[in-house]
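Every chain is numbered from 1, with letters handed out A, B, ... down the list of sequences. The structure displayed is predicted, hence computed values, not measured ones.
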Amino acid sequence: MISGNSTEPGGPALRIENLDKYYGTFHALRRVNLAVERGERIVVCGPSGSGKSTMIRCINRLEQHNGGRIAVLGTELNDDVGNIDEIRREVGMVFQHFNLFPHMTVLENCMLSPMIVRKQPRAQAEATARRYLEKVRIPEQAMKYPGQLSGGQQQRVAIARALCMQPQIMLFDEPTSALDPEMVSEVLDVMVTLASEGMTMICVTHEMGFARRVADRVIFMDSGEIVEEAPPETFFTTPRNERTRQFLSQVLDH
Amino acid sequence: MVSLLRNQKVRNTLLQVLYVGSIAALVLAGIVIARRNLAEQGITSGFNFLFKSTGWDVNFSLLPATANDPYWWYFLIGIINTLFLGSVGLMLATIVGTIVGLARTSSNDLARLLGRTYVDIFRNIPLILQVFFWYAIITHLPTPRGAHEAWGFLLTSRGLYIPFPNVSNAAFAAATLAVVAAIVLPTWLGRTSRLSQPIGQRRAIQFTAAAAALVCAAISLAVGRLPDLPLLDFPALQGLNLRGGLRIPPEFATLAIAIAIYGGSYIAEIVRGGFKSVGKGQVEAALSLGLSPWRVFTLVRLPLALRAMLPILANQYVWLMKATTMGIAVGFTDFFMIVALTINHSGQTLEAIGILMAGFLAINLSLAAVFNRINKAIALKGNQLRG
């Protein structure tokens, strides 16, 4: 089922070394180091503008880094277009604003990339798509268009669409931030299920409850740096850094 | 009574009656006055003139035309000339507009600068000046003796001469239709069976349809071929003039070029706007799914941009259709010029203008209706979130 060819089965899922990213003169990421093992669930949090989204967007080259190294599943992310394609095939991404293709049905959204990138025959792509739509609990919406669904449903379709490529790593970029409060849990439930099945996940989120439940490690970023990195128990009870404490008091004291 | 006037429904009805009544009174008065004035000048009104022969010639016609033909036939010729010029002009303008519009959205600085300069120049010069400019250029080309020649094409002040197949008119028309079908059919099939077959099979169906249509074109050309002549007729100098091939008159070429260049500058902005309206998020999602930039363009950016462009494009097309009336500036016998000549020769001003208005209304309303249908068919379903 796993198809990347030059990806080593044993090595780490992700290795980021001394990552630097500039927007003009603004230093968005400052020598970030991060290693993620296969099956690990990482939650990234931090104030807005701290570089969390930029970091995960560098992992599949939606942003181009200016310094340091990124290796995904053993493949070096550089200017080699072949490497970029290979990494994108193995890394799924879910966005804050869902970004479904509004001119295609839910089913077509899910089948598009498997048919074109993985060259799957239609029947296989459809079977996979329906299986994942079942998994995110909206099989009955397959023939509808994204605009006809609620935000929570759209985000679950977006997760199914990414899963249809059968990626080895899933990136979540604030997947619940644009949702109405009552729809947050339906999306988080799907993510919890996914985590329990051993998917390698990197989630940028402010859902601290989710972090506590599923994260192996919580990472706190501020001003483009990783300030704190700890398992959730330690992170929430005995944070070492002053900035972490301040942030936690702001998001938890409600 | 006062309380009745305060009733909203009564008020609305009253206003409607007043409104319709005053318009009817205006129209009636107009008709009465026009009839009286015409009678005083000894002009008989009515449409009987349509069946009289015109007594003058047209310089361009796709249908056979002589000075003995009646007015109604000339009106038909005019409408067909307008439609022909309009469709050639719109097609060329769309091609120019797409290229320039894409240049304006490109990431290449030079392409963007060129596109912008193009739009700035041609959008801001009145169309009629551009028509005169191109007409001056074309009429100052060399005479047939010194024609610019390339691959059998001749460029002269008497028009553009192109090689033309030696086939009967009917066969040529059939072949043209078949070629159009070869372009339209695969597109249509691609839409109706979108993703309902695997890509490979869908391609095969589209390819077969296109091939079949092209074979039909080849057959009609072979059947309609004139005996004892080479398949392609090349224009060549004979004495002082050029013989053979197809001559595109300078008037037609001028208008087609002017509409293409002027319309292209407007369409370029529509194309640019269409692509700008496509959410960055959809493009990023497509990239993150591993689709190549080309696939992202054809499967996501283009379909979404087209939907944003279509309503404005329809508007622009209707506008450009009306721009064909520039024919009168260079002496191309489009519908408007035929109507103008009719008025000069027959004096039936009101009738002729009525026919002109009805003709353009019919053309542009059908155009708008076609676009509305396409628009409805491809409209995005549900609420759209702009990300």
Hey, does A:Phe95 have a side-chain heavy atom less than 4.5 Å from the side chain of B:Ser288?
yes
Around atom CZ of B:Arg116, are there more than 12 heavy atoms of other residues, nucleotides or ligands at under 6.0 Å?
no
Using residues 314-323 of chain B as the side-chain source, report each donor-acceptor pair under 3.5 Å to any protein atom, sequence neighbours left out, with the distance given to one decimal.
{"unit_1": "B:Tyr317", "atom_1": "OH", "unit_2": "B:Thr94", "atom_2": "OG1", "d": "2.6"}

Least distance between heavy atoms, B:Ala285 atom then A:Asn99 atom:
CB-O, 3.4 Å
If you measure from CE on A:Met165 to CG on B:Leu291, what distance do you get to the nearest 0.5 Å?
7.5 Å
Counting heavy-atom pairs under 4.5 Å to chain B, which of A:Val91, A:Asn60, A:Leu100 comes out on top?
A:Leu100
Which residue pairs pass the side chain to side chain donor-acceptor pair (under 3.5 Å) test with at least one member in residues 370-380 of chain B, sequence neighbours excluded?
none
Nearest atoms (heavy-atom pairs only) where A:Pro102 meets B:Gln282
CD-CG, 3.9 Å
Just wondering, more than 12 heavy atoms not from B:Gln8 lying within 6.0 Å of its CD?
no
Under 4.5 Å from any heavy atom of chain B, what part of A:Arg57 do you find: side chain, backbone, both or neither?
side chain
Matching residue for B:Lys381 among A:Lys144, A:His103, A:Gln148 - test: side chain to side chain contact (heavy atoms under 4.5 Å, CB included)
A:Gln148
Please look at B:Ala286 and chain A and tell me whether the side chain, the backbone, both or neither of the residue comes under 4.5 angstrom of a heavy atom of that chain.
both
Give a yes or no on this: more than 12 heavy atoms of other residues, nucleotides or ligands lie within 6.0 Å of atom OH of A:Tyr23.
yes
To the nearest 0.5 Å, how far apart are CD in B:Glu284 and NE2 in A:His97?
11.0 Å
Check whether any side-chain N or O of A:Ser113 sits under 3.5 Å from a backbone N or O of B:Leu289 as a donor-acceptor pair, and report yes or no.
yes
How about A:Arg15: does its CZ atom have over 12 heavy atoms from other parts shown lying under 6.0 Å from it?
no
Can you tell which part of B:Leu287 gets under 4.5 Å to a heavy atom of chain A, answering side chain, backbone, both or neither?
both
